[in-house]
Undergrad: 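Could you have a look at this structure, given as structure tokens, before my questions?
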Amino acid sequence: MVKKKPRNSNAPIDLASADSESYLDYSKHRSCWRHMVAHLQAQKKRMTKHEIEEIKEIFEFTTPCFSNTFPHHERSKRRRNCKNIIIRKEKKKLDTAAFEWYFRNLWKSFSDDKKSSFGYLDCLWFSFYLKTSSREKVLNWIKKKRIFSRKYVFVPIVCWNHWSLLILCHFGESLESKIRAPCMLLLDSLQMANPKRLEPNIRKFVFDIYKEEGRPESKQLISKIPLLVPKVPQQRNGEECGNFVLYFINLFMDGAPENFSVSEGYPYFMKKNWFGPEALEHFFRKLDSIPKPDL
């Protein structure tokens, strides 16, 4: 049996790259910055005060720590073997680690041909972008994603303890095109919370992405990219928003049109009756049936 090579506890913490060992390790333990620090200390990782402060600055915009929100293996009262079953005793809001695990399994379920038209950003990157100290790093990570070569790019957003989904459509096309013009869709399962309050930050986010890529479009043209908020099915309680975002992604990948023009309205399937609660429950039961690795 091959032994796992121990990590160097004296190695510096690298937050500059989304592919770094430190970042990938945090992605498994990112309910809150305090848990990340505790996790590293439990592994006898030596950290300076500056490194702890950097973790706090970058990750404090993530969702609060939701204790026991991630589905986990547990023993039944009858002591049955439930080793390969994920039990969700009650619905609780997804934290970022749970969301990311579900999303990656969902992404794997689509064919390579289907995925070639789509891209996605990590569910924490928008929150990181809002923090001045990490903005430059986030824009550099996004540049490596080559989103202008994709028809659609999913940007999960978690702000104010609520999940919503931004979809960047046809960003590689001309802003003056009448056939496949760029636009943005903001899907929110709690419209009473006023999803448009995100618009100023979204527009600054998009402008900086164009600027980082060295695109020729002017700020005036970029500011005219439509931000549309379709009337989609709404959640029934305060805990379902993350589930809805995952299902929005699943359905959009299944039915997104090849071409989409703002002048023709929203994609034909994106309406208030897009899906019902039974379909959402069935979707999540399928995800829950996949054994979860230890995080």
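Only heavy atoms go into these numbers, but all of them, side chains included; no hydrogens, no water, no symmetry mates. All values reported here derive from a predicted model rather than from experimental measurement.
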Undergrad: Please report the C-alpha distance between K131 and V138 in whole Å, then the side-chain angles of each, then the deciding distance to 0.1 Å, and finally whether the side chain to side chain contact (heavy atoms under 4.5 Å, CB included) criterion is met.
TA: CA-CA 10 Å; K131 192 70 174 178; V138 171; over 6 Å; no
Undergrad: Measure the CD-CG distance between E100 and D95 for me, rounded to the nearest 0.5 Å.
TA: 11.0 Å
Undergrad: Determine the interplanar angle of the Y152 and H170 rings, folded into 0 to 90°, and report it as parallel if under 30°, tilted if 30 to 60°, perpendicular if over 60°.
TA: tilted
Undergrad: Taking the side chain as C-beta and beyond, is there a heavy-atom pair between R135 and K204 under 4.5 Å?
TA: yes
Undergrad: Within this structure, what is the CE-CG distance for the pair M184 and L227, rounded to the nearest 0.5 Å?
TA: 4.5 Å
Undergrad: More than 12 heavy atoms of other residues, nucleotides or ligands under 6.0 Å from CD of E136: is that the case?
TA: no
Undergrad: For S189, give me all partners under side-chain hydrogen bond (donor to acceptor under 3.5 Å, both in side chains), at least two apart in sequence or on another chain.
TA: Q235
Undergrad: Considering only NZ, NE, NH1 and NH2 on the basic side and carboxylate oxygens on the acidic side, decide whether E213 and R215 come within less than 4.0 Å.
TA: no
Undergrad: Measure the CG-CG distance between L166 and N201 for me, rounded to the nearest 0.5 Å.
TA: 11.5 Å
Undergrad: Tell me if the aromatic rings of W107 and F118 count as close, with their centers under 6.0 Å from one another.
TA: no
Undergrad: Going by heavy atoms in the side chains, are V232 and F275 under 4.5 Å from each other?
TA: no
Undergrad: Evaluate the side-chain proximity of F244 to L187: yes if any heavy-atom separation is below 4.5 Å, no if none is.
TA: no
Undergrad: Do the side chains of W125 and K145 get nearer than 4.5 Å, heavy atoms only?
TA: yes
Undergrad: Indicate yes or no for a side-chain donor-acceptor contact from S111 to the backbone of K114 under 3.5 Å, with no hydrogens or angles considered.
TA: yes
Undergrad: Given side chains that start at C-beta, do those of F283 and L251 come closer than 4.5 Å, heavy atoms only?
TA: no
Undergrad: What do the steps show when you test W101 against T96 for side chain to side chain contact (heavy atoms under 4.5 Å, CB included), and what is the final call?
TA: CA-CA 9 Å; W101 181 82; T96 53; over 6 Å; no
Undergrad: If you measure from NZ on K196 to CD on Q191, what distance do you get to the nearest 0.5 Å?
TA: 10.5 Å
Undergrad: Okay, side chain of N105, backbone of K108: is any donor-acceptor separation there less than 3.5 Å?
TA: no
Undergrad: Do D208 and Y129 pair up side chain to side chain, a donor and an acceptor below 3.5 Å, judged on atom types alone?
TA: yes
Undergrad: Linking I/L/V/M/F/W/Y whenever their side-chain heavy atoms sit closer than 4.5 Å, directly or via other members, would L186 and L130 fall into one cluster?
TA: yes
Undergrad: How close do H162 and D188 get, counting heavy atoms only, and between which atoms?
TA: NE2-OD1, 2.8 Å
Undergrad: Indicate yes or no for a side-chain donor-acceptor contact from S127 to the backbone of V158 under 3.5 Å, with no hydrogens or angles considered.
TA: yes
Undergrad: Keeping the roles fixed (side chain from R150, backbone from S116), state whether a donor-acceptor pair exists under 3.5 Å.
TA: yes
Undergrad: To the nearest 0.5 angstrom, please state how far the OG atom of S134 sits from the CG atom of L124.
TA: 10.5 Å
Undergrad: ring-ring contact (aromatic ring centres under 6.0 Å, His included): which pairs involve residues 173-204, sequence neighbours left out?
TA: none
Undergrad: Excluding sequence neighbours, so at least two apart, what forms side-chain hydrogen bond (donor to acceptor under 3.5 Å, both in side chains) with R203?
TA: E199
Undergrad: Between I225 and Y210, is there a side-chain heavy-atom distance shorter than 4.5 Å?
TA: yes
Undergrad: For a ring-ring contact (aromatic ring centres under 6.0 Å, His included) with Y120, tell me which candidate from F154, F126, F103 qualifies.
TA: F103
Undergrad: Just wondering, are more than 12 heavy atoms of other shown residues or ligands nearer than 6.0 Å to NZ in K115?
TA: yes
Undergrad: Tell me if the centroids of the rings in Y247 and Y102 come within less than 6.0 Å of each other.
TA: no
Undergrad: Contact between L198 and C159 at the side-chain level, heavy atoms closer than 4.5 Å - yes or no?
TA: yes
Undergrad: Which distance, rounded to the nearest 0.5 Å, do you find between the CG of L121 and the CG of L168?
TA: 7.0 Å
Undergrad: Look at the side-chain heavy atoms of Ile, Leu, Val, Met, Phe, Trp and Tyr, link any pair under 4.5 Å apart, and say whether I222 and V153 land in one connected group.
TA: yes
Undergrad: Under 3.5 Å, side chain of W163 to main-chain N/O of L94, donor-acceptor pair present?
TA: yes
Undergrad: Determine, using the 4.5 Å side-chain heavy-atom cutoff (strictly less than), whether I167 and L190 are members of one ILVMFWY cluster.
TA: no
Undergrad: Could you tell me whether a side-chain N or O of S117 sits under 3.5 Å from a main-chain N or O of K151, the two making a donor and an acceptor?
TA: no
Undergrad: Can W160 be reached from I157 by stepping across I, L, V, M, F, W or Y side chains whose heavy atoms are under 4.5 Å apart?
TA: yes
Undergrad: Is the shortest heavy-atom distance from the side chain of L185 to the side chain of F248 under 4.5 Å?
TA: no
